[in-house]
There are 2 protein chains.
Amino acid sequence: MRRLADRLGSGVMSLYWHVDNKEDVFDLALDAVLEYRGSPQTVQSQDWRGEVVHMLEDWRASMLRHPWSASLLPRRALGPNILSRLELLSKTLSRAGVADADLNVAIWSLWNYVMGATITRAGFDLSDDDRAAAQKRLEHLSERYPTIERCRLLLDDDWDGAFRKGLGFLLDGLSPK
Amino acid sequence: MRRLADRLGSGVMSLYWHVDNKEDVFDLALDAVLEYRGSPQTVQSQDWRGEVVHMLEDWRASMLRHPWSASLLPRRALGPNILSRLELLSKTLSRAGVADADLNVAIWSLWNYVMGATITRAGFDLSDDDRAAAQKRLEHLSERYPTIERCRLLLDDDWDGAFRKGLGFLLDGLSPK
DNA sequence: ACCTGAACACCGTTCAAGT
DNA sequence: ACCTGAACACCGTTCAAGT
């Protein structure tokens, strides 16, 4: 709060006229990051899968543009921008043929996937030093975690590719039969 | 730190002999929650899917037993217990026939799903008051978010069922063809 | 309607010192 | 090897007051 007031060139307590408390600021900041500037009323495309992938990649990218936003996720803030994104996602899936009975599960699954991926990616944005340290620690542990070591799980840094590929698998599972 | 020292009946600064700083305490606490007491060297079961589901449900349940632990997730802490769980998961998937080239993506996908679900579930542990407020706000917004409203996305509280069902879909997608 | 400074209760951590 | 209190720099927020 004090830092924020400084940045705005106002007194600290002036903030409290516009905002309830620190939590409130966080909620507003998180939702602000998630404003969606996608094609709003896109033509009735046949490619629902492509649309979903695009929406969710944008979701993740928006948050990674402000890595602090990932640390704000463990709160139940459902601002208007988050709700809009959920609504758009619901509508797309529904139009794609997902039954209403499966819709909630589908939405939450995709949400979980995106949130987990974003938090993980933001947390593992290692400096080179950290990376070197991780590498060393891993070598030392290769006999205890052989499978992880063999696949170089912790050294694989194609985050974007992994996100896209995993999302593809999830959509495979969710696709209406 | 001050609170923790009080609880332990020691001086505040005594903690700093055993621990570097507050972050260190958080890392240790998170990993402590994740100690795995599963069947360690289970018989070579044929049911790899059941094994994975069991492991991941236990992962989520362990964290939900201490809801504060979910808020510690946005950090890159890979303690020995987390690594053990990842190793066990890798081994199971590998034995199930997932190719090495797909293994990392599979692991991270499941990780993302579990982490997202846990954080979300912990954050939405609403009191009845909150729930009532959410309901009211939602009614008010039903014309702006019709699809969400229709499926009662925010009122559905079968979290455990949704977790299991969504995990099933993800595993469908990940299953080796 | 909007802003403010003083004050309060609370942090994590450094340091220099104890046993 | 292990513990300690005093002190520092920093928080978020209440309150009573200003314009």
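Please read these numbers as outputs of a predicted model, since none were measured by experiment. Order of the sequence lines sets the chain letters (A, B, ...), proteins ahead of strands, with each chain counted from 1.
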Counting only heavy atoms not in B/Arg75, do more than 12 fall under 6.0 Å of its CZ?
-> yes

Output row for DNA chain C, stems defined as at least 3 consecutive Watson-Crick or G-U pairs under 3.5 Å, is C:4-8 with D:12-16, C:12-16 with D:4-8

In whole angstrom, what separates A/Trp17's CH2 from C/dC3's C1'?
-> 10 Å

Answer yes or no: does atom CZ of B/Arg49 have more than 12 heavy-atom neighbours from other residues, nucleotides or ligands under 6.0 Å?
-> yes

When rounded to whole Å, the CG to P distance for the pair B/Asp6 and C/dC10 reads 11 Å

From B/Ser109 atom OG to B/Leu170 atom CG, the distance as rounded to the nearest 0.5 Å | 6.0 Å

Take the protein atom CG of A/Asn21 and the nucleotide atom C1' of D/dT14, then report the distance between them rounded to whole Å.
-> 13 Å

With the side chain of A/His18 defined as its heavy atoms from C-beta on, choose the nearest nucleotide among C/dC3, C/dC11, D/dT4.
-> C/dC3

Minimum-distance nucleotide (side-chain atoms of B/Met13 versus D/dA6, C/dC11, C/dG12) = D/dA6

Any chance you could lay out the side-chain hydrogen bond (donor to acceptor under 3.5 Å, both in side chains) test for B/Trp111 and A/Thr120, step after step, and finish with the verdict?
-> CA-CA 9 Å; B/Trp111 161 285; A/Thr120 303; 2.8 Å; yes

Figure out the CG/C1' separation between B/Leu15 and C/dC11, and round it to whole Å.
-> 14 Å

Rounded distance (nearest 0.5 Å) linking atom CE of B/Met1 with atom CE of B/Met13 = 10.0 Å

With the side chain defined as heavy atoms from C-beta on, B/Ser14 is closest, among D/dT4, D/dT13, C/dC3, to D/dT4

Please state the C1' separation for the pair C/dC15 and D/dC3 - nearest whole angstrom.
-> 14 Å

Which pairs would a plain distance check flag for residues 59-70 of chain A, meaning a side-chain donor or acceptor within less than 3.5 Å of a matching protein atom at least two apart in sequence or in another chain?
{"from": "A/Arg60", "atom 1": "NH1", "to": "A/Asp160", "atom 2": "OD1", "distance (Å)": "3.3"}
{"from": "A/Arg60", "atom 1": "NH2", "to": "A/Asp160", "atom 2": "OD1", "distance (Å)": "3.1"}
{"from": "A/Ser62", "atom 1": "OG", "to": "A/Asp58", "atom 2": "O", "distance (Å)": "2.8"}
{"from": "A/Ser69", "atom 1": "OG", "to": "A/Met63", "atom 2": "O", "distance (Å)": "3.1"}
{"from": "A/Ser69", "atom 1": "OG", "to": "A/His66", "atom 2": "O", "distance (Å)": "2.7"}

Crowding at CZ, A/Arg150 (>12 non-hydrogen neighbours, <6.0 Å) | yes

Between D/dA7, C/dC3, D/dG12, which nucleotide has the shortest distance from any of its atoms to the side chain of A/Arg2?
-> D/dG12

Quick one: is C/dC11 close enough that its OP1 or OP2 comes under 4.0 Å of any side-chain N or O from B/Arg3?
-> yes

Return the value, rounded to whole Å, for the distance between atom NZ of B/Lys22 and atom P of C/dT13.
-> 7 Å

Taking atom P in both C/dC2 and D/dA17, what distance in whole Å separates the two?
-> 22 Å

Comparing nearest nucleotides in DNA chain C, the 5'-proximal residue of the pair B/Tyr16, A/Gly9 is A/Gly9

Heavy atoms under 4.0 Å, any strand shown: does B/Met1 hit a base, just sugar-phosphate, or nothing?
-> sugar-phosphate

